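Accompanying notes for the structure given below.
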Amino acid sequence: MIQIDALPAFSDNYIWLLQDTAKRRCAVVDPGDAGPVEAWLTSHPGWVLEDILVTHHHNDHVGGVERLKRLTDARVCGPAHERIPCRDLALDEGDQLTVLGVTFQVLAVPGHTLGHIAYFSDQPSTPLLFSGDTLFAAGCGRMFEGTPEQMQPALARLAALPERTEVYCAHEYTLSNLRFARAVEPSNPHVLQRFEDVTRLRADNRITLPSTIGLERLTNPFLRTAETLVKQKADEWKGHSNPTQVTVFAALRSWKDTF
């Protein structure tokens, strides 16, 4: 088993730190800033950074890669179809890689960016998903490069992962996402309960992650595009019927963009 901790960066980013405590080896996911990783390594002498995993090319996910590569010579793994600094291993749909003894499957999840990938491990004890900026807790990323026709199926694919899968996304957006989820489904008891829970966590400045796929299925409107009430709200927002899950998703995303 690996231990996973969050290293906060910038105002709301998380750099995920994976640790093999027995062998004192570690890996990081999406280090937009080298500083938090350097600080952790300095306070943990004898530990070796072996791998740097990247989900997409945005600077708040890759800004620290070059310095960390120079300091540690860690292997840099990232999407094949995006420009990733110092990349050693280009990854695409269907590829596998082993990190700290854990095997991850690479999933192509375009939409936020065209080459965005996610890392999924179906280890029996606790399945893991590092979803970058595609799937957030109770939300999803903006479509900076892709289309609804790409992103909705990508999200549906993640929603189909085992419900016990722990979801490690890259930002602390959960509370604002749940405000939107309440607007979409004001009578959803799971959304209302999660909103209360997350409000308490954030009042104490505590992290709201990881989520789980099971919880996302119950509370994330972008994974609930087949629900009648979600479609009705999307139709109200657009002023016309949205006949497919893709068009419902597109309506929700346009609503969230101005929410």
Side-chain angles (χ1 to χ4, degrees), residues 6 8-16 29-30 32 55-56 58 60-61 109 111-113 116 118 129-144 146 148 151-161 163 165-227 229-234 236-238 245-246 248-259:
F10 310 118
S11 62
D12 54 35
N13 280 70
Y14 290 128
I15 301 167
W16 294 108
V29 182
D30 285 344
T55 61
H56 65 291
H58 286 164
D60 63 325
H61 294 252
V109 284
H112 180 69
T113 65
H116 199 302
L129 174 68
F130 294 96
S131 58
D133 285 0
T134 295
L135 175 63
F136 290 135
C140 72
R142 290 175 180 259
M143 291 178 290
F144 287 112
M151 194 160 191
Q152 189 276 326
L155 288 167
R157 182 183 189 193
L158 298 182
L161 295 174
E163 65 177 14
T165 303
E166 293 184 344
V167 179
Y168 294 87
C169 57
H171 290 273
E172 184 57 74
Y173 291 163
T174 314
L175 187 55
S176 61
N177 286 340
L178 285 167
R179 291 192 183 103
F180 178 69
R182 283 197 313 174
V184 176
E185 293 190 278
S187 60
N188 182 330
H190 305 289
V191 170
L192 299 177
Q193 183 62 58
R194 191 179 188 188
F195 181 81
E196 290 183 13
D197 296 342
V198 167
T199 297
R200 285 195 295 271
L201 288 172
R202 295 309 296 156
D204 294 334
N205 198 33
R206 292 168 62 192
I207 188 171
T208 64
L209 300 169
S211 180
T212 66
I213 289 294
L215 184 57
E216 294 309 309
R217 291 178 192 165
L218 293 172
T219 60
N220 189 326
F222 298 102
L223 304 189
R224 295 173 58 77
T225 50
E227 298 294 323
L229 293 179
V230 173
K231 179 188 181 309
Q232 288 176 354
K233 283 289 187 176
E236 290 175 14
W237 164 252
K238 294 300 285 186
Q245 289 196 56
V246 169
V248 170
F249 168 79
L252 291 175
R253 188 61 256 181
S254 67
W255 183 8
K256 180 64 165 64
D257 287 345
T258 60
F259 186 74

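These numbers come from a predicted model, not from an experiment. Note: hydrogens, waters and symmetry copies are ignored here, and every other heavy atom, side chains too, is used.
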Requested in this report: Mind running side chain to side chain contact (heavy atoms under 4.5 Å, CB included) on T174 and L209 for me, showing each step along the way?
Outcome: CA-CA 8 Å; T174 314; L209 300 169; 4.3 Å; yes
[X] side chain near [Y] side chain, heavy-atom distance below 4.5 Å:
| X | Y | answer |
| --- | --- | --- |
| L155 | N220 | no |
| C140 | M151 | yes |
| R182 | L192 | yes |
| Y168 | V29 | no |
| W237 | S254 | yes |
| F195 | L175 | yes |
| H190 | L215 | no |
| E196 | Q193 | yes |

Looking at [X] and [Y], what are the two nearest heavy atoms and their distance?
| X | Y | value |
| --- | --- | --- |
| F259 | A183 | CE1-CB, 3.7 Å |
| H56 | T113 | CB-OG1, 3.5 Å |
| C169 | W16 | O-NE1, 2.7 Å |
| L129 | A118 | CD1-CB, 4.0 Å |
| T212 | V167 | C-CG2, 3.9 Å |
| F10 | G32 | CZ-O, 3.5 Å |

Under the 3.5 angstrom rule, does the side chain of [X] hit a backbone N or O of [Y] as a donor-acceptor pair?
| X | Y | result |
| --- | --- | --- |
| R217 | A159 | yes |
| D133 | G141 | no |
| D30 | T55 | yes |

Query raised in the report: Does any donor atom in the side chain of R194 or S211 lie under 3.5 Å from an acceptor atom in the other side chain?
Result: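 Yes, S211 and R194 have a side-chain donor paired with an acceptor closer than 3.5 Å.
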Requested in this report: Apply side chain to side chain contact (heavy atoms under 4.5 Å, CB included) to F180 and F222, showing your working.
Outcome: CA-CA 11 Å; F180 178 69; F222 298 102; 3.8 Å; yes
Report task. Carefully, step by step, assess R200 and D204 under the rule salt bridge (charged side-chain N to carboxylate O under 4.0 Å, His left out). Result -> CA-CA 7 Å; R200 285 195 295 271; D204 294 334; over 6 Å; no
**Report entry** Verdict with reasoning, H171 to D60, per side chain to side chain contact (heavy atoms under 4.5 Å, CB included)
**Finding:** CA-CA 10 Å; H171 290 273; D60 63 325; 3.2 Å; yes
Distance, nearest 0.5 Å, that separates [atom1] of [X] from [atom2] of [Y]:
| X | Y | atom1 | atom2 | value |
| --- | --- | --- | --- | --- |
| S131 | E216 | OG | CD | 8.5 Å |
| R202 | E172 | CZ | CD | 4.0 Å |
| R253 | M143 | CZ | CE | 7.0 Å |
| L252 | K233 | CG | NZ | 11.5 Å |
| E236 | K231 | CD | NZ | 10.5 Å |
| S176 | D12 | OG | CG | 8.5 Å |

Requested in this report: Please assess H61 against N13 for the test side chain to side chain contact (heavy atoms under 4.5 Å, CB included), listing each intermediate value before the final yes or no.
Outcome: CA-CA 9 Å; H61 294 252; N13 280 70; 4.2 Å; yes
**Report entry** Check: H58 ring centroid to H116 ring centroid under 6.0 Å
**Finding:**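 Aromatic pair excluded; centres sit 6.0 Å or further apart.
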